[in-house]
Amino acid sequence: MSTAILNTIGSEFTIYAGSFLFLLGFSGNLITIYLFRTTRHTPITFILIILSIVNCISLIVGLLNRVLVAIVGIDPILLSPIWCKLRVYFGQTSVLICQSCACLASINCFLSTCRLIRWRRLVSLSISRQCIFILVIFWIMHGLFNPCLTKLITATGKLSTCSLTNLIASNYTAFFLRPVLVGIFPICILSVFGLLTHRNLQQLRHKRRFEQQPICKMLLLQMTAYVLGTLPYASFYAYQSITSAIRIKSTIELAQESLVLNFINIIFYMPQSSPFYIYYLSSKTFRKQIKDFLICYQQHNRIQPLVRTINEKH
């Protein structure tokens with residue numbers, strides 16, 4: 001199969017699968033934010049609201065950008081030095097904040113289902129706010145090397161490239177940031193605390209301790225989605241880093257890897273697009289909230305024309 005055919009398949013898949021995933025994910029996250037706003041004063045729900053907000057940002061900067069590039073056929077980062085510096089920074093920072101919020105939510109669920117009171121006392125709105133604030137500031141500061149060290153390189157007769165110009169930063173991104181920070185590290189945290197939470201839920205018998213059970217069950221499914229979505233990403237970049245350091249790849253090999261990466265990128269953004277649908281399938285309470293929301297929306301649409309008619313008569 002030729003390079004052109006592989007590139008065409010990758011682009012078509014990104015356009016159709018990416019557009020579908022973006023529309024479902026973005027709208028789902030917006031609805032989740034709206035529905036959870038009334039219970040935002042509980043620690044875990046507050047984290048989930050922040051997670052949905054950052055999911056929206058990540059889907060716009062990461063997934064929607066890829067879809068538009070595939071449609072237009074021109075990557076804006078190769079035309080604008082400013083966007084070249086900011087695109088990767090915004091994308092990586094939003095993904096890292098998303099995964100940190102997911103990890104924080106899994107830790108909160110574990111603590112809230114612990115038998116020991118001193119562990120359950122650590123689950124509070126103030127502590128959750130402080131943790132999120134620290135994580136956001138940390139990842140914003142962490143990624144500043146990208147806009148500082150990334151440059152748009154143009155050469156006569158050759159395609160422009162947007163890449164890191166510092167070897168240390170480039171190696172850090174290739175060998176640690178992508179495979180470990182974005183991949184292995186959150187997978188380990190989500191897996192460990194997901195299993196511990198599942199064990200706690202199985203052991204709980206007292207009625208008072210079942211207060212957090214529904215939302216923790218929802219989160220367990222969401223954490224599973226994060227692990228399954230991140231695993232191919234981590235595996236691919238680990239493979240790419242190792243093989244790139246060993247030998248120079250042919251054009252057809254690079255095209256094959258690019259095609260695989262197109263599929264992996266869609267899988268990677270599935271956990272950020274799926275929270276609303278996971279909550280809907282796993283929680284009766286959430287389904288009731290959706291039903292009430294739709295009823296209120298329909299009633300509002302009926303009242304508006306009636307009010308307009310009364311105003312016209314007067």
Side-chain angles (χ1 to χ4, degrees), residues 29 42-55 57-58 62 91-116 118-125 127-143 172-173 175-203 212-213 215-238 241 264 267-275 278-279 282:
N29 278 297
T42 59
I44 296 177
T45 308
F46 173 76
I47 296 171
L48 294 181
I49 291 173
I50 300 298
L51 178 59
S52 293
I53 292 171
V54 185
N55 280 343
I57 296 171
S58 182
Q92 287 182 351
T93 302
S94 61
V95 166
L96 288 166
I97 293 173
C98 279
Q99 294 182 332
S100 298
C101 288
C103 291
L104 185 61
S106 68
I107 293 170
N108 266 263
C109 259
F110 163 70
L111 293 173
S112 65
T113 55
C114 283
R115 292 182 177 182
L116 298 177
R118 68 172 181 269
W119 291 115
R120 295 205 300 272
R121 283 175 180 168
L122 294 175
V123 182
S124 70
L125 184 60
I127 293 176
S128 296
R129 284 174 173 171
Q130 291 169 17
C131 288
I132 287 177
F133 177 78
I134 291 170
L135 287 169
V136 169
I137 296 299
F138 175 79
W139 290 125
I140 287 174
M141 298 297 292
H142 163 270
Y172 171 77
T173 300
F175 293 100
F176 184 74
L177 194 153
R178 284 174 176 166
V180 179
L181 276 186
V182 178
I184 297 171
F185 192 60
I187 287 174
C188 291
I189 293 177
L190 293 171
S191 299
V192 169
F193 283 99
L195 291 171
L196 290 173
T197 302
H198 179 71
R199 185 199 64 181
N200 286 350
L201 289 173
Q202 294 299 315
Q203 292 176 347
Q212 295 294 334
Q213 188 178 24
I215 196 166
C216 284
K217 283 186 174 180
M218 287 163 48
L219 275 173
L220 281 176
L221 291 174
Q222 189 178 348
M223 298 310 109
T224 304
Y226 264 99
V227 171
L228 294 177
T230 308
L231 193 57
Y233 180 92
S235 303
F236 176 82
Y237 277 107
S241 300
I264 288 174
I267 296 171
F268 180 73
Y269 284 104
M270 281 183 178
Q272 298 170 37
S273 305
S274 61
I278 289 174
Y279 302 156
S282 61

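One is the number of the first residue; the rest follow in order along the sequence.
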Residues passing the side chain to side chain donor-acceptor pair (under 3.5 Å) test with Ser124, sequence neighbours excluded, are Ser126

Please list, chain by chain and in numerical order, all residues satisfying ring-ring contact (aromatic ring centres under 6.0 Å, His included) with Tyr237, sequence neighbours excluded. Tyr233

What's the shortest heavy-atom distance between Pro271 and Gly229, and which atoms? CG-CA, 3.9 Å

Partner residues of Thr93 under the side-chain contact (heavy atoms from CB on, under 4.5 Å) criterion, sequence neighbours left out: Tyr89, Ile97, Trp139, Ile140

Separation between CG of Asn55 and CG of Asn29, rounded to the nearest 0.5 Å: 4.5 Å

Rounded to the nearest 0.5 Å, how far apart are CD1 of Ile50 and SG of Cys98? 11.0 Å

If you take all heavy atoms of Ile44 and Ser112, which pair is closest and at what distance? CD1-OG, 4.1 Å

Do Leu219 and Leu48 have side-chain heavy atoms sitting under 4.5 Å apart? yes

Least distance between heavy atoms, Asn108 atom then Pro43 atom: OD1-CB, 4.1 Å

Can you pull out every side chain to side chain donor-acceptor pair (under 3.5 Å) where at least one residue sits in residues 127-137? Sequence neighbours excluded, please. none

Nearest 0.5 Å please: distance from the CD1 atom of Ile278 over to the CE atom of Met223. 8.0 Å

Can you tell me how far the CD atom of Gln99 sits from the OG1 atom of Thr230, to the nearest 0.5 Å? 5.0 Å

List in chain and number order the residues that pass side chain to side chain donor-acceptor pair (under 3.5 Å) with Ser106, two or more places apart in sequence or in another chain; answer none if no residue qualifies. none

List the residues meeting side-chain contact (heavy atoms from CB on, under 4.5 Å) with Leu122, not counting sequence neighbours, and say none if there are none. Leu111, Trp119

Go through the structure and list residues passing side-chain contact (heavy atoms from CB on, under 4.5 Å) with Ile267, not counting sequence neighbours. Pro232

Point-to-point distance, once rounded to the nearest 0.5 Å, from CG of Leu135 to CD1 of Ile47: 9.5 Å

Those residues at least two apart in sequence (or on a different chain) that pass side chain to side chain donor-acceptor pair (under 3.5 Å) with Tyr279 are Gln222

Interatomic distance, OH@Tyr226 vs CZ@Phe268, rounded to 0.5 Å, equals 9.0 Å

Where Val95 and Gln272 come nearest, the two heavy atoms and their spacing: CG2-NE2, 4.2 Å

Solution key, residues 175-190 side-chain donor-acceptor pairs under 3.5 Å, sequence neighbours excluded:
none

Could you pull out all residues at least two apart from Thr197 that satisfy side-chain contact (heavy atoms from CB on, under 4.5 Å)? Cys109, Phe110, Thr113, Leu201, Cys216, Leu220

Sorted by chain and number, sequence neighbours left out, side chain to side chain donor-acceptor pair (under 3.5 Å) with Ser282 holds for none

